[in-house]
Amino acid sequence: MSSWLDKIMPGMGSVAGAKKANVPEGLWVKCPKCQAALYLPELEKSLYVCSKCDHHLRISARQRLNWLLDEDDRVELAEDLAPLDRYRFRDTRKYRDRLHDAMRESGEKDALVVMHGKVEGVSLVAAAFEFGFMGGSMGAVVGEKFFQAANFCLLHKTPLVCFSASGGARMQEAIVSLMQMSKTAAVLEQMRRKRLPYISVLTDPVFGGVSASLAMLGDINLAEPNALVGFAGPRVIEQTVRETLPAGFQRSEFLLTHGFVDMIVHRKNMRAKLSSLLRKLS
Amino acid sequence: MSRDYLDFEQPIIELEEKIEELRLVGNGSELNLTEEINRLLTKSRNLTESIFSSLKPWDIARVARHPKRPYTLDYISHIFTDFDELHGDRQFGDDPAIVGGIARLDGMPVMVIGHQKGRDTKQKIYRNFGMPKPEGYRKARRLMEMAERFRLPLFTFIDTPGAYPGIDAEERGQSEAIARNLAVMSHLAVPVITTVIGEGGSGGALAIGVCDRLLMLEYATYSVISPEGCASILWKSAEFAAEAAEAMGITADRLSALGLVDQIIPEPLGGAHRDVAFMAANLKAALLDHYQQLAVLSVEQLLDERYQRLTQYTN
């Protein structure tokens, strides 16, 4: 999918665990990093982390929330919101057709899934980007769902956790997608003023308009190991500065060193870490 | 062909050069060329009108980036008085791609912030082609918060291809700098009036453009990605920039139809660069008008209305 994403960030167009993943038929999956053949039932048990090299494979939004939240008391929020192609955007294909394919491939109506629930007994709202839906790009529906998630938090005085995985703003929604940056930042500012905790978790990859809005505004910013996170994509930067990018550039560890994330958290420790942090803040 | 003018402006420039020649000849001789000059002036005006009334979105994008187009500092010198430029983000450095400071608008103290491009090659490099780095956005934030503390209304001017995509910008947190400005501006307790004077390039533009009123010059553009960027991703080649400009609806007209823009400021015939004083006078009148409408609101009303405005963009 998403050949246009591959163009800006090579190798960005795939998600494991989505309905149509880059999983070959059968029970074996190749680790995209070390190429080791991984046994699917084992991989699921290890939360899609490679047993050989510890690479965190991309997973679907629903899979992530499924692992994150306690089994009881989960409620999906704003689940009926679906995109309208009000401006009839068309490039080499119609936006409407791209949406149709994305829905079929990911099984989602748009690129954000939001649920209210608990993590180790701590009540919260959790949002997760679906990278398999047009590269997790943010348009009006993603912005509105995030807005409603935060509003639920404001109303019920609960914390918000958001797992981002996105190529940025959705070009096919033109200026309306840009305006989602200020919309999500504005509602987060309301949460900040009401002293409600917001934890942003950066997962591979986060760029552009999502990185430069909701993803960088956590009271605490966490990152999964080796996630690629930045404002401009590596290829755009390379073309601009005409030099080779340093090793590890824009990876989680780079962000930690430069002071933009608080800690790097392994997927298997995410639940415990989030509940531990949130218990101290609320 | 003059490199200072766009291809579709060339016939106008040629005609003007002819008029100028006739004037010079007329001055030094007994010949009365007034009639001929007047005829050519009318022709030139009609030609300009006809060319500028049928500009396509991509043509408008090129006018917005015109090498002679007035920049933020040009408007500051025409619209405001007593401007004291303030420098630096107090953390890393000073970014010449964003200028800001305190000034007076009709005698009233105000804060002014804008992107700044350079005119000649040396200045272009010095201003980094109007592409700010994190320290530029952090300087802007410092000035915004100062404006709030001293209750100075904030006037911002957008004119950037986008935030700088470079290694150092990433190291210093370009994303964080932009995101933080969006959050701070959403709740800044003074009136904020933003004008897109040239190019409104994506998040790098919005980072000083969260506002109570958005004005756009007639031939300014505002978009989520540059037409070339959009074309190279979706059409696989930057050569389809004109198609991308059309599809994204980047012009003041189209954005006004979406309800995003409060007022389009008419430009002089042939674009802002043809008569900067006239352009600045038009803009100044609009800025004062919108400020007066906002000045009567309580801080609470102002912030409520801004919040409604920011969160209304749905499907």
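Heavy atoms only: backbone and side chains are in, while hydrogens, waters and symmetry mates are out. In the text below, chain A, chain B and the rest are named by the order of the sequence lines, each starting its count at 1.
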Under 4.5 Å heavy-atom distance to chain B, tell me which part of [X] shows up: side chain, backbone, both or neither.
{"X": "A/A215", "answer": "neither"}
{"X": "A/R192", "answer": "neither"}
{"X": "A/E173", "answer": "neither"}
{"X": "A/L84", "answer": "both"}
{"X": "A/R90", "answer": "backbone"}
{"X": "A/Q190", "answer": "side chain"}
{"X": "A/Q239", "answer": "neither"}
{"X": "A/V210", "answer": "neither"}

What residue, out of [options], has the most heavy-atom pairs lying under 4.5 Å from chain B?
{"options": "A/L214, A/L217, A/T240", "result": "A/L217"}
{"options": "A/P246, A/G230, A/G259", "result": "A/G230"}
{"options": "A/A140, A/S177, A/G139, A/A186", "result": "A/A186"}
{"options": "A/R93, A/E144, A/M179, A/R86", "result": "A/M179"}
{"options": "A/A185, A/G168, A/A82, A/A212", "result": "A/A212"}
{"options": "A/M181, A/R193, A/Q180, A/R88", "result": "A/R193"}

**Asked** Is the closest side-chain heavy-atom distance between B/I167 and A/E243 below 4.5 Å?
**Response**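 Yes; the side chains approach each other to less than 4.5 Å.
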**Message:** What's the separation between atom CD in A/E189 and atom OG in B/S186, rounded to the nearest 0.5 Å?
**Reply:**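 A/E189 atom CD to B/S186 atom OG measures 5.0 Å (nearest 0.5 Å).
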**Message:** So for B/Y313, is it side chain, backbone, both, or neither that comes closer than 4.5 Å to the heavy atoms of chain A?
**Reply:**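 Both parts, backbone and side chain.
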**Prompt:** Of all of B/L310, B/I225, B/T311, which one pairs up most often with chain A through heavy atoms under 4.5 Å apart?
**Reply:**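 The answer is B/T311.
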